[in-house]
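Accompanying notes for the structure given below.
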2 protein chains.
Amino acid sequence: MPVKKIVDVMKEKQNRPYHHGDLRNAILDTAMEMMLEEDGWNFTLREVARRAGVSHSAPYKHFPDKMSLLGELALIGFDRAYERIRAAMEEPATFRAKFLRVAKVYLQFAHDHPALYRLMLGSGVVTEQTQGDPRAAATFELAVEMIEQGQREGAVRPHPVRGQAAACWAQLHGLTMLDLEGFLIPEKVGEKPVEAALNTLLEGLEE
Amino acid sequence: MPVKKIVDVMKEKQNRPYHHGDLRNAILDTAMEMMLEEDGWNFTLREVARRAGVSHSAPYKHFPDKMSLLGELALIGFDRAYERIRAAMEEPATFRAKFLRVAKVYLQFAHDHPALYRLMLGSGVVTEQTQGDPRAAATFELAVEMIEQGQREGAVRPHPVRGQAAACWAQLHGLTMLDLEGFLIPEKVGEKPVEAALNTLLEGLEE
DNA sequence: ACCGGCATGTTGACAATGTCTACATACAGG
DNA sequence: CCTGTATGTAGACATTGTCAACATGCCGGT
């Protein structure tokens, strides 16, 4: 017997409960979906409400305004990214192999949620909210861990760890953004720009 | 005898000419100004028109829609960035010194026009317009030049030039974005993250 | 020197949006 | 069981992007 999802029930004109029951999550999911569809966060709250099957001002019972919705979406993005990268770091490997695997996963994440990624790190909109939020900071600590282990193994030069981690993050973030925006055109940046750039950085990291 | 600027004349209620005469540029300037003020491109066309002293739909005679205005603004941004970096590359220096000077100028540019910089490279809005536009591509060629010269001097490893240039750009862009968004907090990324990151990359570039 | 076309501006209208206030419903705890 | 509070709804407001119809005046051909 098929179970009707609340989100579908709420779309019915008749016979639908006054209360949604899980609106907050429905809003987050719908918004996430629309960010994918429209490749940006220019979706309207009213359309989100429409899709969730509630009135146009219902979302305001869960988020004071659109910005705060975007802030929460960004934090969810950080959670997801963290989870993916943590998984990629789990099985042991040489520093180089681990670095490249993480890089791949990182780029893949951004490729899967381009708008979300831009919202998280390049919107200039959620700065205050994400500033120092542990959920946003956690991922960077994974990079620090990776470098530290690399140094312990003698694979990475003995420079300040957090500086090296910052270098990795910047490199990865820069590559990702340029990739997302379509600036990595072979005629301009060569055949395999990502590999080339990562390699260049690795040569600066490795002993 | 003081000369009245057209933009001011147009703001007068009375005695103002029917035609602005330089509206297109006035719009671009005003929009640029508002991007600075509001740190984003969420300004309204109507406010731009108001400030320029014209009716709310006058801008549509010069730009089909807001997106196309943003596209032009981004291209102007590329022009300005190119000019600054070209100037920074003029006087001769060692590869390392030149690289660091360019990096400084690059970061300064982004710091001076944060919203514009984000619009240029991280908006996901102007991709098609800027895609392959020579005005947008020109700056990258400067990086290629710099690397080529570095290789000729024997300061840079003999790897494919455009890949190395891509690495530089990615690193610089990543650092810039993280800086703009306020993610470079000392407790997280160490004391001088920019210097550290640039150094790490340099060690991967240099022979 | 005239005149007509075309680029440039203006006015008014439309559908949509974010957000507010007043009101409705029903769940949960005493 | 009953009431307060969390959650939804309905309607209103100012504002926006954009369009169409109309106004103005500069510029080139006669």
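Numbers restart at 1 for each chain; the letters A, B, ... are given by sequence-line order, proteins then strands.
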- Query: To the nearest Å, how far apart are A:Arg50 CZ and D:dT9 P?
  - Reply: 14 Å
- Side chains of B:Gln108 and B:Asp112: is there a donor and an acceptor less than 3.5 Å apart? yes
- Nearest-Å distance, CG (B:Leu23) to C1' (D:dT24)? 15 Å
- What is the distance, rounded to the nearest whole Å, between atom CG of B:Leu69 and atom C1' of D:dT18? 14 Å
- About how many Å separate CE of B:Met120 and CZ of B:Arg80, when rounded to the nearest 0.5 Å? 10.0 Å
- Message: Can you measure B:Lys66 atom NZ to C:dT17 atom P for me and round it to whole angstrom units?
- Response: 16 Å
- Item | Interatomic distance where CG belongs to B:Asp65 and C1' belongs to D:dT16 [whole Å] | 14 Å
- Message: Centroid separation under 6.0 Å, is that true for the rings of A:Tyr106 and A:Tyr117?
- Response: yes
- Verify whether one side chain among A:Asn42 and A:Glu38 offers a donor that lies under 3.5 Å from an acceptor in the other. no
- Between C:dT19 atom C1' and A:Met67 atom CE, what is the distance in whole Å? 15 Å
- Specify the residue among B:Thr44 and A:Ser55 whose closest nucleotide of DNA chain D lies further upstream toward the 5′ end. A:Ser55
Could you write out each protein N or O paired with an N or O of nucleotides 20-29 of chain C at a distance under 3.5 Å?
| from | atom 1 | to | atom 2 | distance (Å) |
| --- | --- | --- | --- | --- |
| C:dA24 | N3 | A:Tyr18 | OH | 2.9 |

- Message: Taking only side-chain N and O atoms of B:His62, does any of them lie within less than 4.0 angstrom of OP1 or OP2 on C:dA7?
- Response: no
- Message: Rounded to whole Å, how long is the line connecting atom CG of A:Asn25 with atom P of D:dT7?
- Response: 12 Å
- Which residue pairs pass the salt bridge (charged side-chain N to carboxylate O under 4.0 Å, His left out) test when at least one of the two sits in residues 182-194 of chain B, sequence neighbours left out? none
- Item | Short side-chain N/O contact from A:Arg24 to OP1 or OP2 of D:dG8, under 4.0 Å | no
- Query: Does B:Lys66 count as lying over the ring of B:Phe43, i.e. NZ or CZ under 6.0 Å from the six-ring centre, within 45 degrees of the axis?
  - Reply: yes
- For the pair made of CZ in B:Phe63 and C1' in C:dT8, what is the distance, rounded to whole Å? 14 Å
- Task: Compare side-chain N and O positions of A:Arg46 against OP1 and OP2 of D:dA10 and report whether any pair is under 4.0 Å apart.
- Result: no
- Query: Can you list every pair that meets salt bridge (charged side-chain N to carboxylate O under 4.0 Å, His left out) and has a residue in residues 159-171 of chain B, with sequence neighbours left out?
  - Reply: B:Glu141-B:Arg162
